[in-house]
Q: 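For reference, the structure I am asking about is given below.
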Amino acid sequence: MSEPISALNHASYEGIAKVEECGLQGMITLRGDLSDKVLAKAVKDATGQKVPGQRQALVNGDTGVCWMSSDELLVLVPYTEVEAKLAAMTNGLSGTHALAVNVSDARAVFRISGVSAREVLGKVAPVDFAVGAFQPGQIRRSRLAQVAGAFWMDDAETFRVVCFRSTADYVFKLLKVAAQPGSKVGVY
């Protein structure tokens with residue numbers, strides 16, 4: 001049996017910020033009524049976190065939960081645990097109108113870190129990344145130039161970006177160009 005590999009096998013680039021593919025990440029898309037107590041328990045059991053509020057990401061390392069829409073969450077778990085967590089979640093949601101699906105291998109995850117991380121992401125996404133407008137623990141779904149993506153801040157100088165695996169090479173090259181030395185604009 002072949003070993004799973006991430007989309008870009010840990011590609012990285014260092015410019016005005018560091019851009020790196022994070023490797024394998026367990027991800028479960030969970031759709032349902034976010035106010036449902038059974039759904040909230042399934043999320044808590046899988047991640048140790050509560051159901052996040054609108055545009056909130058409650059993430060610690062490779063475990064957490066992100067608000068994606070009024071009826072959708074992105075549940076993050078270690079890649080090696082995703083099948084067990086999904087089975088437990090599906091079992092816990094039995095009888096509840098909800099859907100949980102493993103999307104781990106359909107996504108790629110990148111980290112942008114450094115004092116110019118806001119600059120890099122600000123060049124490719126139509127979002128206000130000013131300190132007062134975008135803080136650690138917040139998430140947005142938006143565009144990364146021509147493709148869909150989602151991103152949140154782990155801390156004041158670190159973003160994580162999720163995109164479809166099929167667009168991973170494009171997103172890496174896009175972020176790499178945005179992080180070129182000498183390209184700092186000074187907006188953030």
Side-chain angles (χ1 to χ4, degrees), residues 4-27 29 47-49 52-69 72-79 103-188:
I5 60 169
S6 63
L8 299 178
N9 204 20
H10 299 279
S12 68
Y13 176 80
E14 185 113 22
I16 63 171
K18 185 171 185 178
V19 177
E20 56 192 321
E21 194 232 8
C22 295
L24 298 172
Q25 170 67 63
M27 290 182 252
T29 292
T47 67
Q49 299 284 355
Q54 185 177 25
R55 290 188 302 273
Q56 190 176 30
L58 304 173
V59 181
N60 185 10
D62 59 359
T63 303
V65 61
C66 302
W67 182 92
M68 299 301 276
S69 73
E72 181 182 355
L73 300 174
L74 179 63
V75 178
L76 303 171
V77 298
Y79 186 83
V103 295
S104 306
D105 294 325
R107 306 285 189 270
V109 182
F110 296 92
R111 179 178 296 108
I112 307 167
S113 57
V115 294
S116 296
R118 290 177 188 270
E119 285 268 333
V120 171
L121 204 49
K123 292 177 188 178
V124 301
V127 171
D128 183 357
F129 290 105
V131 173
F134 202 97
Q135 295 288 320
Q138 294 181 327
I139 187 169
R140 295 291 188 282
R141 288 176 86 167
S142 187
R143 309 286 308 161
L144 301 166
Q146 299 297 314
V147 300
F151 36 85
W152 66 89
M153 293 187 80
D154 286 325
D155 58 51
E157 294 184 357
T158 308
F159 286 89
R160 266 196 276 173
V161 177
V162 176
C163 66
F164 290 111
R165 185 182 181 108
S166 60
T167 64
D169 187 56
Y170 170 82
V171 170
F172 179 70
K173 288 175 180 171
L174 178 72
L175 295 171
K176 184 176 165 181
V177 168
Q180 291 293 313
S183 70
K184 189 166 181 174
V185 178
V187 175
Y188 304 110

Q: Looking at side-chain heavy atoms only, is the closest gap between R141 and E72 below 4.5 Å?
A: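 A side-chain contact exists here, since the closest heavy-atom pair is under 4.5 Å.
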Q: Can you check whether I139 reaches M68 side chain to side chain, under 4.5 Å on heavy atoms?
A: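 Yes, close enough: below the 4.5 Å cut-off.
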Q: Quick one, F172 and E21 - any side-chain contact, counting heavy atoms below 4.5 Å?
A: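 No, too far: nothing below the 4.5 Å cut-off.
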Q: Drop me the distance from I112's CD1 to E119's CD, to the nearest 0.5 angstrom.
A: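 Reported to 0.5 Å precision, the distance equals 12.0 Å.
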Q: With side chains defined as the heavy atoms from C-beta onward, is the minimum distance between V109 and L24 less than 4.5 Å?
A: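 Contact flag for V109/L24 side chains = no.
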Q: So F134 and R55, do their side chains get closer than 4.5 Å, heavy atoms only?
A: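 Not touching, per the 4.5 Å side-chain cut-off.
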Q: For a quick test of reading the model, state the closest non-hydrogen atom pair linking K184 to K123 and the distance between them.
A: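 K184 and K123 have their closest heavy atoms at N-NZ, 4.4 Å.
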Q: Can you find a heavy atom in the side chain of S113 that is under 4.5 Å from one in the side chain of E20?
A: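 They are in side-chain contact.
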Q: What are the two closest non-hydrogen atoms of A178 and V120, and how far apart are they?
A: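 Residues A178 and V120, closest heavy atoms: CB-O, 3.7 Å.
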Q: Search all heavy atoms of H10 against all heavy atoms of C22 and return the closest pair with its distance.
A: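 Taking every non-hydrogen atom into account, CE1-O, 3.7 Å.
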Q: Should the pair F129 and F159 be assigned to parallel (<30°), tilted (30 to 60°) or perpendicular (>60°) ring geometry?
A: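 Perpendicular, since the angle between the ring planes exceeds 60°.
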Q: Flag the pair Y188 / V115 as yes when at least one side-chain heavy-atom distance between them is below 4.5 Å, and no otherwise.
A: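 The answer is no; the side chains never approach within 4.5 Å.
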Q: Could you tell me whether the side chain of T167 and the main chain of F164 form a donor-acceptor pair under 3.5 Å?
A: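 Yes; at least one donor-acceptor contact below 3.5 Å.
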Q: Please find the pair of heavy atoms, one from V77 and one from Q25, that lie closest to each other, and give the distance.
A: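 Between these two residues, the closest heavy atoms are O-NE2, 2.8 Å.
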Q: For C163 versus F110, what's the shortest heavy-atom pair and its separation?
A: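 Heavy-atom minimum between the residues: SG-CE1, 3.8 Å.
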Q: Output the distance between atom CZ (R107) and atom OG (S6), rounded to the nearest 0.5 Å.
A: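 So the gap between those two atoms works out to 15.5 Å.
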Q: Run through V75, L76, L73 and flag the one making a side-chain contact (heavy atoms from CB on, under 4.5 Å) with C66.
A: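 With C66 as partner, V75, L76, L73 yield a single side-chain contact (heavy atoms from CB on, under 4.5 Å), made by L76.
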Q: When you compare the side chain of V162 with that of W152, does any pair of heavy atoms fall below 4.5 Å?
A: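 A side-chain contact exists here, since the closest heavy-atom pair is under 4.5 Å.
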